[in-house]
A.B. asks: 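Take this structure first; my questions come after.
Predicted model only: the values in this text are computed from it and were never measured.
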Amino acid sequence: MKITYANRPNWSRVLSKRFFLEYITDDNFSGFVSIILIDKVKEPLYVSTSKEPCCIVDNGYIWLQHFPDNANYALTTMFNPDKEIIQWYFDICDGNKVDPSGMPYFIDLYLDIVVQPSGEITLLDEDDLQEALNKQEISQEKYEFASNEAHKLMAKLKVKHPALVECTRKHFEYMLADR
């Protein structure tokens, strides 16, 4: 299983970045929020969406990350240089954790959910989760846990898309202030 830290210290594609981290508590969220301002990359990163290739990392892109308390996902929202949301990317995990230095991280449980600005929701990497089970990298219990968490979150996202947009914009503006 892969461990992902908020500051992405080993991100070799990114040559120059600025990272900021805050703990935020408001009416709709409690947990760590970070922002990565991507200044320079070796090369852009494109991913395939249901329609066409989509750039998620390039010079001037911004990643806003949420590590909510008592949740089994971490959320990364990708923005282009015009500060338009490209997508929301949910990593299913076994809770968000904090290392001794105060850096949030999560242990990835393979499944991911992508939400497009249109509201379209896609579940990714079910084959990776199955392969991890087959190779005994995870237990049957973790397999079922990850699948259940992903499906619960997808059901919630179908009705809460406007709240997701509102929370993202609010935290994005807050994290960008004075930067």
A.B. asks: Quick check: do Asn10 and Tyr5 have side-chain heavy atoms less than 4.5 Å from each other?
C.D. replies: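 No - every pair of side-chain heavy atoms lies 4.5 Å or more apart.
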A.B. asks: If I take atom NZ from residue Lys156 and atom CD1 from residue Ile121, how far apart are they, to the nearest 0.5 angstrom?
C.D. replies: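 CD1 of Ile121 is found 12.5 Å from NZ of Lys156.
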A.B. asks: Quick check on Glu166: does its CD atom have over 12 non-hydrogen neighbours (other residues, nucleotides or ligands) under 6.0 Å away?
C.D. replies: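 Check fails, neighbour count at 12 or below.
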A.B. asks: Could you tell me if the side chain of Leu157 sits less than 4.5 Å from the side chain of Phe90, heavy atoms only?
C.D. replies: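 They are in contact (side-chain heavy atoms under 4.5 Å apart), so the answer is yes.
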A.B. asks: Is it true that, when you exclude Gln140 itself, more than 12 heavy atoms of the residues, nucleotides or ligands shown sit nearer than 6.0 Å to its CD?
C.D. replies: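 More than 12 heavy atoms, drawn from other residues, nucleotides or ligands, come within 6.0 Å of this atom.
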A.B. asks: What heavy-atom pair brings Tyr89 and Asp112 nearest, and what distance separates the two atoms?
C.D. replies: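 Heavy atoms of Tyr89 and Asp112 come nearest at OH-OD2, 2.9 Å.
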A.B. asks: Verify, without hydrogens or angle tests, whether Lys17 (side chain) and Arg8 (backbone) share a donor-acceptor contact under 3.5 angstrom.
C.D. replies: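 Yes: the side chain of Lys17 pairs with the backbone of Arg8.
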A.B. asks: Could you grab the distance from atom CZ of Phe106 to atom CG of Asp91, nearest 0.5 Å is fine?
C.D. replies: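 Atom-to-atom, Phe106:CZ and Asp91:CG are 3.5 Å apart.
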A.B. asks: Hey, could you give me the NZ/CG distance between Lys160 and Leu153, rounded to the nearest 0.5 Å?
C.D. replies: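 With rounding to 0.5 Å, NZ (Lys160) is 11.5 Å from CG (Leu153).
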A.B. asks: Are the aromatic ring centres of His66 and Trp88 under 6.0 angstrom apart?
C.D. replies: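 When the ring centroids of His66 and Trp88 are compared, they turn out to be at least 6.0 Å apart.
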A.B. asks: Work out which heavy atom in Ile86 is nearest to a heavy atom in Phe79; give both atom names and the distance.
C.D. replies: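 Closest heavy-atom pair between Ile86 and Phe79: CD1-C, 3.7 Å.
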A.B. asks: Going from OG on Ser16 to CD1 on Ile38, what distance comes out if it is rounded to the nearest 0.5 angstrom?
C.D. replies: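 Result: 10.5 Å between the selected atoms.
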A.B. asks: Of the non-hydrogen atoms in Pro104 and Phe67, which two are nearest, and what is the gap between them?
C.D. replies: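 Between these two residues, the closest heavy atoms are CB-CG, 3.9 Å.
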A.B. asks: Heavy atoms, side chains only, cut-off 4.5 Å: are Glu22 and Tyr174 in contact?
C.D. replies: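 They are in side-chain contact.
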A.B. asks: Look at the side-chain heavy atoms of Ile, Leu, Val, Met, Phe, Trp and Tyr, link any pair under 4.5 Å apart, and say whether Trp11 and Met103 land in one connected group.
C.D. replies: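 Yes; Met103 is reachable from Trp11 via cluster members.
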A.B. asks: Mind checking whether Leu15 and Met78 sit in one hydrophobic cluster, side chains of I, L, V, M, F, W, Y counted as touching below 4.5 Å?
C.D. replies: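 Hydrophobic grouping puts Leu15 apart from Met78.
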A.B. asks: Output yes when a side-chain donor or acceptor of Gln65 lies under 3.5 Å from a complementary backbone atom of Ala6, and no otherwise.
C.D. replies: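 Pair found, side chain donor or acceptor close to backbone of Ala6.
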A.B. asks: Given side chains that start at C-beta, do those of Leu124 and Thr122 come closer than 4.5 Å, heavy atoms only?
C.D. replies: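 Yes, close enough: below the 4.5 Å cut-off.
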A.B. asks: Could you pull out the closest heavy-atom pair between Asn72 and Gly95, with the gap in Å?
C.D. replies: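 Closest approach of Asn72 to Gly95: OD1-N, 3.1 Å.
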A.B. asks: Is it true that atom CG of Asn70 has more than 12 heavy atoms of other residues, nucleotides or ligands lying nearer than 6.0 Å?
C.D. replies: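 No, not enclosed.
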A.B. asks: Within the side chain of Asn80, is there an N or O that forms a donor-acceptor pair under 3.5 Å with the backbone of Asp82?
C.D. replies: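 Side chain of Asn80 to backbone of Asp82: a pair is present.
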A.B. asks: To the closest 0.5 Å, what do you measure between CG (Leu21) and CG (Asn7)?
C.D. replies: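 So the CG of Leu21 and the CG of Asn7 are separated by 8.5 Å.
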A.B. asks: If we only count heavy atoms from C-beta on, is the Ile35 to Ile62 side-chain gap below 4.5 Å?
C.D. replies: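 The answer is yes; the side chains approach within 4.5 Å.
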A.B. asks: Mind listing the closest non-hydrogen atom pair of Ala146 and Ile92 along with its distance?
C.D. replies: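 Here Ala146 and Ile92 meet closest at O-CG2, 3.9 Å.
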A.B. asks: State, yes or no, whether a side-chain contact exists between Pro68 and Tyr73 at a heavy-atom distance under 4.5 Å.
C.D. replies: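 SC-SC contact between Pro68 and Tyr73 confirmed.
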A.B. asks: I want to check something: taking the side chain as every heavy atom from C-beta on, are Lys83 and Leu176 in contact at a cut-off of under 4.5 Å?
C.D. replies: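 Answer yes - side chains close enough.
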A.B. asks: Check whether more than 12 heavy atoms from other residues, nucleotides or ligands sit under 6.0 Å from atom OH of Tyr46, and answer yes or no.
C.D. replies: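 No.
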A.B. asks: Hey, what do you get for CD1 (Ile3) to CD1 (Ile107), rounding to the nearest 0.5 Å?
C.D. replies: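 If I round to the nearest 0.5 Å, the distance is 5.0 Å.
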A.B. asks: Just by modelled atom types, is the Leu164 backbone N or O under 3.5 Å from a matching donor or acceptor in the Thr168 side chain?
C.D. replies: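 Side chain of Thr168 to backbone of Leu164, a donor-acceptor pair under 3.5 Å: yes, one is there.
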A.B. asks: Which atom names give the shortest non-hydrogen contact between Asn59 and Val41, and what distance separates them?
C.D. replies: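 That closest heavy-atom pairing would be OD1-N, 2.8 Å.
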A.B. asks: Please check if any side-chain donor atom of Glu126 sits under 3.5 Å from a side-chain acceptor atom of Tyr110, or the reverse.
C.D. replies: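 Their side chains do not contain a donor-acceptor pair, so the 3.5 Å distance test is not met.
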A.B. asks: Can you tell me how the ring of Tyr23 sits relative to the ring of Phe32, calling it parallel under 30°, perpendicular over 60° and tilted otherwise?
C.D. replies: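 The arrangement is perpendicular - the two ring planes meet at more than 60°.
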A.B. asks: Tell me, do Phe145 and Asn148 make a side-chain contact under 4.5 Å, heavy atoms counted?
C.D. replies: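 Heavy-atom side-chain distance check fails, nothing below 4.5 Å.
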A.B. asks: Would one find more than 12 heavy atoms of other residues, nucleotides or ligands at under 6.0 Å from atom NZ of Lys97?
C.D. replies: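 Check passes, neighbour count above 12.
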